Amino acid sequence: MRWPKGVDGLCYGGDYNPEQWPEEVWTEDVALMRRAGVTLVSVGVFSWSRLEPAEGRYDFGWLDRVLDLLWEGGVRVNLATPTASPPPWFSLAYPDALAVTRDGVRLMHGSRDTYCVSAPAYREASLRIARALGERYRDHPALAMWHVHNEYGTTCHCDHAAEAFRRWLRERYGGLDALNDAWTTSFWSQHYSEWEQINPPLATVYLSNPAHALDYRRFWSDEMLAHFREQRDLLRELTPDVPITTNYVLGHWVSVDHWTWSREVDLVAIDHYPSATGMEAAEQTAFAADLARSWAGGRPWLLMEQATGYPIGPRMYGKEPGEIARHSLQHVARGSKGAMFFQWRASRGGAEQWHPGMVPHAGPDSRVFREVTELGAALSRLPAPEAVNAEVAILWDEEAWWALQGSGLLPSSDIDYLESVRQAHRVLWRQGVTADFAHPSHDVSRYPAVLVPCLYLLSDESARNLRSYVEGGGTLIASFLSGVADEHTRVRVGGYPGALRELLGIRVEEFRPLPKPVALTDELRLRAAPQPENAAPAGTAGHAEAPPGLEAGATSSGLGDGRMWSETVHLEGAEAMARYPDGGPAVTRNAFGEGTAWYVSTRLGDSGYACLLAAAGVAGTGVPGMEVVRQGDRFFLINHTTEKQPVPVDGTDMISGMPVTGVLAPGAFAVVEARAENLA
Ligand code: GLA
């Protein structure tokens with residue numbers, strides 16, 4: 001991972017789109033950036049039509065002036081290649097390069113991302129504009145980093161995509177026999193006898209083949225990566241000392257395999273927009289930041305975009321006072337090299353004209369800009385991030401998620417992979433336990449415990465990896481539906497959860513989704529230490545509903561109910577730790593080698609899950625909403641609650657210079673370098 005060139009300290013700034021404004025505003029922008037302590041801005045993300053107004057004719061004059069102004073103002077530039085938004089002339093000249101939906105509808109220009117990554121004309125045009133930018137600005141002193149494209153995620157179903165997909169399949173499978181076998185094409189007469197018979201998963205009459213759909217998602221991740229790599233390699237040749245990145249989009253769908261992509265970028269960069277406000281936003285922020293750090297292999301990464309408000313679906317909620325800073329600090333605490341926003345100045349027109357900005361429509365005389373300025377000052381006092389101390393690993397596999405979003409029948413449509421992983425993370429976050437994420441094939445031997453939520457797909461190799469982890473003394477806590485299918489979505493027969501059966505010491509005969517919750521008999525008296533209830537979020541507005549599974553007034557002793565899912569579990573070496581009302585095992589524990597493997601065959605509420613983790617030896621002493629993250633001896637303390645909260649360390653706050661003595665005020669944050677004698 002590499003640091004943006006010439007940026008001392010943390011990166012602070014956002015997407016800057018000066019082409020939307022008259023030039024006199026640019027001068028004010030740079031003056032305001034200086035006031036706010038901005039160090040880096042992303043420029044040109046969607047500027048293609050202004051940079052290349054007609055094919056092969058360039059207009060760099062305005063961008064020259066912008067870069068010069070920024071340089072003179074001490075602001076460095078994260079210069080984007082504008083390939084996420086081809087100009088109208090491009091789609092008219094190359095209509096075959098426009099994206100086609102699975103229903104065969106060709107999508108016209110008029111928005112952004114109107115291209116097919118597999119179309120040769122688009123690939124050529126992308127390289128041409130990237131080269132023109134690279135050659136023009138390779139020696140510009142403001143150039144700190146390259147930002148290739150924007151949020152890769154656009155897929156297509158056109159003939160170019162079909163051809164590229166077939167090429168990808170040939171490479172993956174070698175021959176049609178292997179493909180037919182992997183896709184189980186003998187089901188519903190889908191056997192392929194020529195490669196040309198294989199299409200993208202187009203609209204069809206009834207359910208379609210899940211293995212086909214999964215490979216199409218894998219293909220797109222690789223195809224988009226090929227587009228990224230072409231630009232990266234070209235820019236790297238022109239500017240070997242300038243790091244190159246792209247910004248990952250996160251959310252309820254995920255377009256690429258981030259483990260693979262993170263090996264290709266010089267710096268992992270994410271965009272994060274919580275889908276809820278208040279405490280849930282803080283939980284989601286920690287989740288996203290931990291993912292980013294894990295993708296980066298534990299090394300620093302960068303929060304490329306967040307918002308000064310909450311653009312959630314059709315509503316633009318405001319952030320409560322202090323939230324902009326607390327969210328930013330969460331990212332920095334979890335290893336981000338700074339905090340960047342979309343966007344610097346809120347647009348006055350265009351599709352995102354109501355999206356919040358660092359400079360809102362009201363201008364600099366506004367609460368938001370004052371908070372932006374205070375945040376810039378706060379970040380300027382912090383040093384570069386160091387390694388974050390994480391105690392537990394949670395497995396995360398985008399392919400398993402894609403399979404659960406599949407196109408065929410699933411045993412229950414209620415299973416939500418993202419929510420299952422978030423629950424595991426959220427329960428730890430509330431106890432102050434910092435988690436890393438890991439791919440199922442990664443070496444996780446340094447973690448005392450590994451959580452495995454709903455890992456539907458599991459290859460033999462990954463199953464062996466988890467087995468040797470437990471054999472070597474680890475504690476594995478797997479929840480239902482993990483390991484039941486292979487990497488081609490084929491069920492592992494003979495009893496679920498196929499790949500993990502021996503490790504877990506059980507055999508599951510039947511899945512039985514639950515129409516309503518059932519009380520679990522906690523016969524071995526699993527009891528967690530009492531957990532404080534979730535505290536109220538700092539600020540007053542809370543637009544999101546309570547997180548699923550967190551019942552009002554619930555106590556956290558005992559496992560509580562099993563929800564949504566149950567199974568007929570037979571013990572084959574494991575012992576039952578909790579049972580269903582009919583006496584069947586619901587939670588099991590198996591001694592395996594030097595370690596222990598737990599299995600939870602139903603969905604627990606948050607307090608039940610916390611109880612289970614405590615029984616398995618995974619528990620923290622934190623207060624929900626009082627976030628504590630350690631980077632070596634440095635403690636990041638962020639109080640998301642409306643109460644003052646105890647903190648485990650005393651010292652001087654690096655941001656305010658004020659002493660921290662065991663407590664933190666509501667909504668406050670501090671960064672304390674702790675000496676051993678100051679640890680509570
Ligand atoms: C993404 C994009 C930005 C902008 C924001 C809006 O992160 O990269 O261009 O559209 O969403 O939230």
Side-chain angles (χ1 to χ4, degrees), residues 11 13-21 40-51 77-87 109-115 117 145-155 224 227-228 231 245-256 258 261 265 267-277 281 284-285 288-289 291-292 301-319 323-324 327-328 331 336 338-361 368 372:
C11 303
D15 276 42
Y16 178 42
N17 299 307
E19 67 273 31
Q20 297 175 13
W21 299 93
L40 183 73
V41 288
S42 307
V43 177
V45 179
F46 298 110
S47 307
W48 198 343
S49 67
R50 295 289 305 272
L51 292 171
V77 174
N78 174 33
L79 188 56
T81 65
T83 52
S85 205
H109 63 259
S111 182
R112 66 186 196 192
D113 294 293
T114 51
Y115 51 77
V117 164
M145 183 157 68
W146 288 108
H147 175 301
V148 169
H149 200 81
N150 189 68
E151 294 193 335
Y152 275 97
T154 303
T155 61
M224 293 187 247
H227 181 258
F228 168 79
Q231 292 193 38
T245 190
T246 186
N247 50 342
Y248 299 165
V249 53
L250 307 186
H252 279 89
W253 62 288
V254 91
S255 46
V256 303
H258 291 106
W261 277 63
V265 294
L267 178 70
V268 165
I270 64 160
D271 298 347
H272 186 246
Y273 297 91
S275 63
T277 62
Q284 290 185 14
T285 300
L291 267 177
W301 53 279
L302 180 62
L303 172 70
M304 188 68 87
E305 289 182 28
Q306 61 174 336
T308 56
Y310 289 107
I312 298 178
R315 284 176 206 91
M316 301 289 148
Y317 297 114
K319 284 196 173 168
E323 271 191 313
I324 298 172
H327 292 172
S328 302
H331 285 289
S336 176
M340 309 272 291
F341 290 80
F342 180 86
Q343 60 179 332
W344 165 249
R345 190 183 275 277
S347 303
R348 58 187 176 173
E352 290 182 336
Q353 67 192 114
W354 295 106
H355 193 286
M358 298 169 82
V359 182
H361 288 149
V368 166
V372 160

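This is a predicted model, so every value here is computed, not measured. Both counts, for ligands and for their atoms, begin at 1 and track the order of listing. FYI, the numbering just counts along the sequence from 1.
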query = Starting from atom 5 (C) of ligand 1, which protein heavy atom do you reach first, and at what distance in Å?
reply =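 Protein heavy atom with the smallest distance to atom 5 (C) of ligand 1: Y273 OH, 3.5 Å.
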Protein contact of atom 12 (O) of ligand 1 - nearest heavy atom, named by residue and atom, plus distance =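 I find the closest protein heavy atom is H355 NE2, 2.7 Å.
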Within a distance under 4.0 Å of any heavy atom of [X], pick out the atoms of ligand 1 and give their elements.
| X | value |
| --- | --- |
| N150 | 2 (C), 8 (O), 9 (O) |
| F46 | 9 (O) |
| E352 | 4 (C), 6 (C), 10 (O) |
| E151 | 1 (C), 2 (C), 7 (O), 8 (O) |

query = Is R112 in contact with ligand 1, taking contact as a heavy-atom separation below 4.0 Å?
reply =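 Per 4.0 Å heavy-atom rule, R112 contacts ligand 1.
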query = With respect to atom 3 (C) of ligand 1, which of Q306, M304, E305 exhibits the smallest heavy-atom separation?
reply =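 The nearest heavy atom belongs to E305.
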inquiry  = Determine whether the aromatic ring centres of residues Y115 and H227 are separated by less than 6.0 angstrom.
reply    =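 H227 vs Y115: aromatic centres not under 6.0 Å.
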key: Aromatic ring proximity, centroids under 6.0 angstrom, F228 and H149   =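 Distance test on ring centres: not under 6.0 Å, no.
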task = Please list all pairs passing the salt bridge (charged side-chain N to carboxylate O under 4.0 Å, His left out) test where one or both residues lie in residues 345-356, with sequence neighbours left out.
result =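 Sorted result for residues 345-356: E28-R345, D29-R345.
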query = With only distance considered, is D15 within less than 3.5 Å of ligand 1 through an N or O on each side?
reply =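 The answer is no, given that D15 and ligand 1 share no N or O pair closer than 3.5 Å.
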ask   = Where do M224 and V117 come nearest, in terms of heavy atoms and distance?
value =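 So the two residues come closest at CA-CG1, 4.3 Å.
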ask   = Relative to ligand 1, is Q343 under 4.0 angstrom through side chain, backbone, both or neither, heavy atoms considered?
value =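 Q343 to ligand 1: no contact under 4.0 Å from either part.
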inquiry  = Suppose we screen for side-chain hydrogen bond (donor to acceptor under 3.5 Å, both in side chains). Which residues come up paired with T285, at least two apart in sequence or across chains?
reply    =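 side-chain hydrogen bond (donor to acceptor under 3.5 Å, both in side chains) check on T285 returns nothing, list empty.
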task = Using modelled atom types only, decide if a donor and an acceptor are shared between the side chain of T81 and the backbone of V148 within a distance under 3.5 Å.
result =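 Flag not set: sc T81 to bb V148 has no pair under 3.5 Å.
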inquiry  = Rounded at 0.5 Å granularity, tell me how far CD1 in I270 sits from CH2 in W301.
reply    =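 Those atoms lie 4.5 Å apart.
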